[in-house]
Structures are given as C-alpha cells and as structure tokens.
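All remarks here apply to the structure that follows.
Heads up: numbering here begins at 1 and tracks the sequence.
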Amino acid sequence: MLYSDKVMDHFTHPRNVGTIENADGIGEVGNPKCGDIMRIYLKIDNDIITDVKFSTFGCGSAIASSSMATEMIKGKPLSQALELTNKAVVEALDGLPAHKLHCSVLAEEAVKAAVKDYYDKNGIEYDHEKFAQKHDCEHCGE
C-alpha cells in the first residue's frame with residue numbers, strides 16, 4: 001500500500017481543521033511546484049500553544065502532514081514547536097512516499113512561520129537562524 005493507515009486516517013479525519021479568529025500567530029507557506037498551500041493558526045498563552053488550527057489546499061499527504069503537525073504541537077511550549085521537524089512528522093505518520101516528503105517539509109515550515117509571526121507581532125527577540133529556510137523542493141522529485 002502506498003500510504004500508511006495513519007496517513008489515511010489523518011487525511012480522511014483531519015484534526016484541528018479550521019481557522020482561529022484573532023490568532024496570535026499565522027503562518028502560510030506554499031510550494032508553487034506542486035500547488036500545495038498550508039496555513040497554520042496559533043493561539044498562545046504564556047508561551048504555550050493552547051490551540052492550533054490549519055487550512056491546507058493540497059493533496060492527501062499535505063492534509064495528513066498538516067493534521068499530524070498540529071497534533072504534535074498542541075499544548076506544547078513554543079520552543080518545542082520550533083523543534084518540530086519534517087522527519088518527526090513523517091515518522092509519526094509511519095512514513096510518506098519519497099515524492100510526497102515535501103508535504104511534511106511544508107508542515108514544518110508553516111509551524112515555524114506561525115511562531116515567527118507571533119514573535120514579530122509581539123516584538124519578541126528570536127534567533128533568525130531557527131527560521132532560515134533550509135530546504136527547497138527542487139530535490140524532492142516533484
């Protein structure tokens with residue numbers, strides 16, 4: 001089977017879908033090559049992500065990656081959310097096909113973009129290196 005049961009579950013029953021009114025941080029990323037667009041909304045209280053929602057325009061892998069990423073950061077401090085990697089998302093989904101790995105990269109980048117937005121809006125100092133785009137999808141085979 002091409003997709004794991006977890007990928008199929010998060011695709012057919014995605015968690016945390018929607019938007020958050022007056023979100024504390026919003027991150028939007030896209031991959032023009034495949035057309036996927038992800039937007040993550042964060043509600044933050046005392047440095048803890050109290051709520052997270054997403055809206056994703058894309059394939060099943062993109063939706064499953066978004067769903068899993070939101071589950072992995074909900075209730076966590078921002079510092080832990082920033083440590084979320086696309087590899088961790090893929091492992092939590094029990095794998096993605098190689099040509100769909102870029103979807104997990106988008107999920108990681110959307111989370112980081114939302115945290116960065118929160119920091120920027122609130123004038124909070126941060127390490128810019130943590131937000132440097134380390135990956136472009138030229139090598140993903142898409």
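- Here I124 contributes atom CD1 and K116 contributes atom NZ; the two are 12.5 Å apart, rounded to the nearest 0.5 Å.
- Between F131 and Y126, the two ring planes are perpendicular [angle over 60°; tilted spans 30° to 60°].
- The shortest non-hydrogen separation linking L84 to M72 is CD1-CE, 3.7 Å.
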Could you walk me through whether V52 and I73 pass the side chain to side chain contact (heavy atoms under 4.5 Å, CB included) check? CA-CA 8 Å; V52 57; I73 66 169; 4.0 Å; yes

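- Screening H10, R15, H13, K6 for a side-chain hydrogen bond (donor to acceptor under 3.5 Å, both in side chains) with S67, the sole residue that qualifies is H10.
- Side-chain contact between H102 and D36: present, with at least one pair of heavy atoms (C-beta onward) separated by less than 4.5 Å.
- A distance of 6.0 Å separates CG of D45 from OG1 of T50, quoted to the nearest 0.5 Å.
- Atom CG of residue L78 and atom CG of residue D47 lie 4.5 Å apart, to the nearest 0.5 angstrom.
- The two residues G95 and S4 make their nearest non-hydrogen contact at O-OG, 4.2 Å.
- Residues Y41 and D51 bring no donor and acceptor atom of their side chains to less than 3.5 Å of each other.
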Kindly determine whether K43 and D24 satisfy side chain to side chain contact (heavy atoms under 4.5 Å, CB included), including the steps that lead there. CA-CA 5 Å; K43 206 64 173 156; D24 296 312; 3.6 Å; yes

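- Put simply, the side chain of M68 does not reach to within 4.5 Å of the side chain of S65, judged on heavy atoms.
- Not a single donor-acceptor pair under 3.5 Å links the side chain of T56 to the backbone N or O of I63.
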Yes or no on side chain to side chain contact (heavy atoms under 4.5 Å, CB included) for I40 and I26, after CA distance, side-chain angles and deciding distance? CA-CA 6 Å; I40 300 234; I26 301 172; over 6 Å; no

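- The local environment of NZ in K87 is sparse, with at most 12 non-hydrogen atoms from other residues, nucleotides or ligands closer than 6.0 Å.
- Side-chain atoms of Y3 and S61, non-hydrogen and from C-beta on, do get closer than 4.5 Å to each other.
- Under a hydrophobic clustering in which Ile, Leu, Val, Met, Phe, Trp and Tyr are joined whenever their side-chain heavy atoms come within less than 4.5 Å, directly or via other members, M38 and I20 fall into different clusters.
- A donor-acceptor pair is defined here as one N or O able to donate and one able to accept, closer than 3.5 Å; such a pair exists between the side chain of D127 and the backbone of E129.
- Here the straight-line distance linking atom OG of S66 with atom NZ of K53 works out to 14.0 Å at 0.5 Å rounding.
- For K112 and D117, the salt-bridge test fails: no basic side-chain N is under 4.0 Å from an acidic carboxylate O.
- In the model, N16 has a side-chain atom that pairs as donor or acceptor with a side-chain atom of T70 under 3.5 Å.
- L82 and V111 fall within a single hydrophobic cluster, where Ile, Leu, Val, Met, Phe, Trp and Tyr side chains are chained together by heavy-atom contacts under 4.5 Å.
- Taking NZ of K74 as the start and CD1 of I48 as the end, the distance is 14.0 Å to the nearest 0.5 Å.
- Taken together through direct or relayed side-chain contacts under 4.5 Å among Ile, Leu, Val, Met, Phe, Trp and Tyr, F57 and V17 form parts of separate hydrophobic clusters.
- Residues V7 and D94 fail the side-chain proximity criterion, which asks for heavy atoms closer than 4.5 Å.
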Just do the side chain to side chain contact (heavy atoms under 4.5 Å, CB included) check on N86 and E109 with the steps written out, would you? CA-CA 9 Å; N86 71 295; E109 289 175 352; over 6 Å; no

